[in-house]
Structures are given as C-alpha cells and as structure tokens.
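Here's the structure, in structure tokens; my notes come after.
Just so we're clear, the structure is a prediction, and the values are computed from it rather than from any experiment. Every heavy atom of this structure was used, including side-chain atoms; hydrogens, water molecules and symmetry mates were not. A, B, ... follow the sequence lines: proteins, then strands. Residue 1 opens every chain.
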2 protein chains.
Amino acid sequence: MQARAPRRTDPHRRERVIDACLDVIADVGVDGTTHRRVAAAADVPLGSMTYHFAGMDELLREAFTLFADQVATQFARRLDSATSEEEAERAVVDIILHDTFGTDRDLVLTHELYTLAARRPEYRTITQTWMARSRAALERHFDPSTARLLDALIEGLTIHRALDVTRPDDALVVEAVRRILRP
Amino acid sequence: MQARAPRRTDPHRRERVIDACLDVIADVGVDGTTHRRVAAAADVPLGSMTYHFAGMDELLREAFTLFADQVATQFARRLDSATSEEEAERAVVDIILHDTFGTDRDLVLTHELYTLAARRPEYRTITQTWMARSRAALERHFDPSTARLLDALIEGLTIHRALDVTRPDDALVVEAVRRILRP
DNA sequence: TCGTCATGTGTACAAGTGTACGCTTGGGCC
DNA sequence: GGCCCAAGCGTACACTTGTACACATGACGA
C-alpha cells in the first residue's frame, strides 16, 4: 500500500493539528499525548506530524502558546470593557467566578502547562508572557502592587476551585477582592 | 494469618520504593516515571514493583499521599508554634517566602500532584485532605473566611514564584497578608 | 506532451513500556 | 537433618512510542 493522493497544500493543516493537540492534552494529559493520537484527532496521517513539526516539543510549545494567548486575550478584553473602578472590581469577581477558567478543559490545560513549566524552564516564557499580559490588563485599572495581589488571588482561588470539593462561594470571592482593593 | 518476621529483605523496602518514586517524579515528572526507573532509584529489582504494588497508580497514590502528608505536617507545625496572632501572621509570611515550598523539588511535586488531580478525580482526595489540613491549621489562629483567603493567597503567590521570573519581593508579601488580615 | 521535483504520506524499526508467570530461596516445623 | 511453601525475584512477551526514509503524487515549466 503506497501513499494516497496527497491533498495539495492546505494552509490550515498546521492549525488544525495544533487545535487537535490541545484537545488531546485536555483529554489525556501531556504524557498521554502522542503523535498518533493527535494525528487521529486532527484526521491527518501520522507522517504529517514529523513533516509539520520537528518533534513533540515543538508541537506542545505551539499548542500551549496558542492556548495562553487565547486565555490572556479573553481576560484582557473582559477587563478593558470596564469603564470605572467599580466595574473593574465586578469584572475581577466575575472572572474568578465564571469567565477565565469557565470550563474544565481550560483548567486542565492550565495545570498541564504549569506542570510543564515548573519542570522545564524552556516553557516558562509562555507562562511569563501570559502572566505579564494579565498583570498589564489589571494595571490599567489598579496600581501595580494591587494588580499583582489580585493576580495571585485569582490564581489561588482558581486552583482551590479545581482541586477542592468545597468551592468558594460568591460572597467569599467578593469579600476577598474587597480586602485586596481597600486595605 | 500469623504475623511472620520478614524473611530475607529489608522490612522498609516498600517505603524505600515510595521515597524513590517521589525522587523520580521530581526528576522526570509523572509521565517519565516508570517501574524500571523507580526500581533503579530504589536499588530494587524490577520484579519487586509488581510484587509490592498492584500497578503504577497504587504507587503514585501512595507516594503523593506521603508527600502531601509531609508538607501539611510541616505547615501545621510551623503555624502551631505561634502563640499570638502577630506571630501567626509572621509565620504565614515566612511560609510564603521560605518554608513550605522551599525547594524546587517540593514545587515540582506539588504541580505534578495538582495536574494529576485536575485530570483524574480519584486523586483529589489527596489534595482535599491536604487543603483541609492547611485550612484547619490556619483556623486555629484566624476566622474561617480569613483562613480560606490566606490559603488561596499562599497558593497563588507560590505559583507565581514558580512560573514567573519576577518574584514577589518580601514587602509585597507582607502587604498582601496585611490586607487579607485587616480589611 | 512529458519530465522534474517539492510536497506530503505510508511504513518499518529500534527503543522502551507494564505486567504475568514460573523459578529460586531459605526460615520454620517435623 | 530434611522437607515445605510462600516471599520475592528474573525474564519473556505483547504492545506502544517517536522518528527516519523511501516513494507516490500532481503542479508546472519546456
């Protein structure tokens, strides 16, 4: 059995593979992510993997870069739409409660990225860029220290929400943000 | 049914394997952790792996349970030694800056555990127990809401410290704890 | 029309995996 | 002393993995 008729240059093929890669990571984790699984998810032959990407690392890097970019963009958009400090405060509460990590998928992907970055410094440029963008968005409304602390609080509450059974209730989140903002 | 004295081998063999397993996880991550590598690290034959543990999952579960227990115990001990609210506040700052996640090893292991728990609910009993113990230790000094928020803050700042280049400086941490404690 | 060649694909392969299973071993009992 | 039998081990096996590479294909210039 020899090669089937190749589809001539499909410019979206790379992106399709990257999207599929994120799906696979969310589903089975970075460690379960193999060329074969991604190829199947993207409906692309196995050979395409090594053709389009130098190796697994290149694929992971591009996938996580895309993911971080999407989340950071959504985060910034949500905050930038606020026109007063009260609205910004409400936006932060909303983000913790609903927005940024709205889906399990995003939460899992975030943890996978964090774990990778914790063990392998070469992935930290991705998390650093992400965090810098989040903080910059916050600093359009709050002073740098406050922005920093809000960012940490968002991170911490998000993780608790993911790994604990008892979710922080709405009132507690409102209270937390209030304490940070009005010392 | 009778309890027999261990025959030829070191009675602490299981524990040695579990310790070695944590070392391997810290070194190469959960996904790189194999029976063979753990066996080599523990200086134990490969066959021992399947003899002492039903499978990789059982080994991971026991290893992470041990790890979480150690960290939580250290955390609680640090807080319990405080005899006043001021001391407790200082302890929290110290914990963020130095203690709990003092080593890269602990940080990496924590992320590995979080990632596992995020994707596989059966590991969440470990993180839940850990968090419940941390919170209980905090509640010996602070009211429940404050304890909860401090816990989230510790989590968030710790992660930022791990994944960002710009570490929160000491003054910012002091400020953060102060804001949570004195709304 | 036909040859050329970049693009894209199928497949083979060596390395490495978890686990089952039969064999060795040596302490306790007669 | 000599036997017994479970604790513990070495090994084989079926499988999955990433990657290299030979080769089919069709667009395009001559």
Side-chain angles (χ1 to χ4, degrees), chain A residues 1-64 112 115-116 119-120 122-123, chain B residues 1-25 27-64 112 116 119-120 122-123:
Chain A
M1 179 94 54
Q2 291 305 333
R4 273 184 345 199
R7 284 165 258 196
R8 261 345 225 182
T9 83
D10 176 2
H12 302 311
R13 167 150 302 198
R14 258 183 83 93
E15 302 160 29
R16 273 231 323 282
V17 171
I18 291 173
D19 286 342
C21 181
L22 284 175
D23 287 341
V24 172
I25 295 171
D27 198 31
V28 296
V30 166
D31 58 310
T33 300
T34 65
H35 278 160
R36 272 161 245 263
R37 254 198 267 254
V38 175
D43 192 27
V44 143
L46 174 61
S48 282
M49 293 294 119
T50 43
Y51 181 74
H52 287 290
F53 302 91
M56 206 64 220
D57 272 355
E58 185 175 317
L59 179 55
L60 287 178
R61 168 172 291 278
E62 297 209 26
F64 276 126
E112 295 285 344
T115 301
L116 213 55
R119 184 152 26 81
R120 302 180 47 189
E122 67 265 32
Y123 282 89
Chain B
M1 289 295 261
Q2 286 190 349
R4 297 179 174 210
R7 299 236 230 152
R8 272 158 296 173
T9 60
D10 182 359
H12 302 311
R13 167 149 303 199
R14 254 184 84 91
E15 302 160 33
R16 272 229 325 280
V17 170
I18 291 172
D19 286 342
C21 181
L22 285 175
D23 287 340
V24 172
I25 295 171
D27 198 30
V28 296
V30 166
D31 59 308
T33 300
T34 66
H35 278 160
R36 273 161 245 260
R37 254 198 267 254
V38 174
D43 192 27
V44 144
L46 174 62
S48 282
M49 293 294 120
T50 43
Y51 181 75
H52 287 290
F53 303 91
M56 206 65 220
D57 272 356
E58 186 175 316
L59 179 54
L60 287 178
R61 168 172 291 279
E62 295 209 28
F64 277 125
E112 295 285 344
L116 214 53
R119 185 153 24 85
R120 301 179 48 189
E122 67 265 32
Y123 282 89

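Taking the charged nitrogens against the carboxylate oxygens, E122(A) and R61(A) have no contact shorter than 4.0 Å, which rules out a salt bridge. Looking at R37(A) and D27(A), no side-chain N of the basic residue comes within less than 4.0 Å of a carboxylate O on the acidic one, giving no salt bridge.
Atoms CZ (R13(B)) and P (dA7(D)) sit 15 Å apart, rounded to a whole Å. Between R16(A) atom CZ and dG8(C) atom P the separation is 13 Å, expressed in whole Å. Distance CD (E58(A)) to P (dT19(D)): 11 Å, rounded to an integer number of Å. Whole-Å rounding puts the F53(B) CZ to dA20(C) C1' distance at 18 Å.
In this structure, E112(B) contributes its side chain and V30(B) its backbone to a donor-acceptor pair below 3.5 Å.
For the segment residues 28-36 of chain A, residues with any heavy atom less than 4.0 angstrom from an atom of DNA chain D are, sorted by number, T33(A), T34(A), H35(A), R36(A).
Looking at R120(B) and D57(B), their side chains come closer than 4.5 Å, going by heavy atoms from C-beta outward. Under the 4.5 Å side-chain criterion, counting only non-hydrogen atoms from C-beta, V28(B) is not in contact with T34(B).
Distances shorter than 4.0 Å separate some side-chain N or O of S48(B) from OP1 or OP2 on dC9(D). The side chain of T50(B) contributes no N or O atom lying less than 4.0 Å from OP1 or OP2 of dT19(C).
For the pair G47(A) and R37(A), nearest-nucleotide mapping onto DNA chain D gives the more 5' position to R37(A). Nearer to the 5' terminus of DNA chain C, by closest-nucleotide assignment, is the contact made by Y51(A) (compared with the other of Y51(A) and L46(A)).
Applying the side-chain contact (heavy atoms from CB on, under 4.5 Å) test to A42(B) and every residue at least two apart in sequence or in another chain returns V17(B), A20(B), V44(B).
For P45(A), counting side-chain heavy atoms from C-beta on, the closest listed nucleotide (dT9(C), dG10(D), dG8(D)) is dT9(C).
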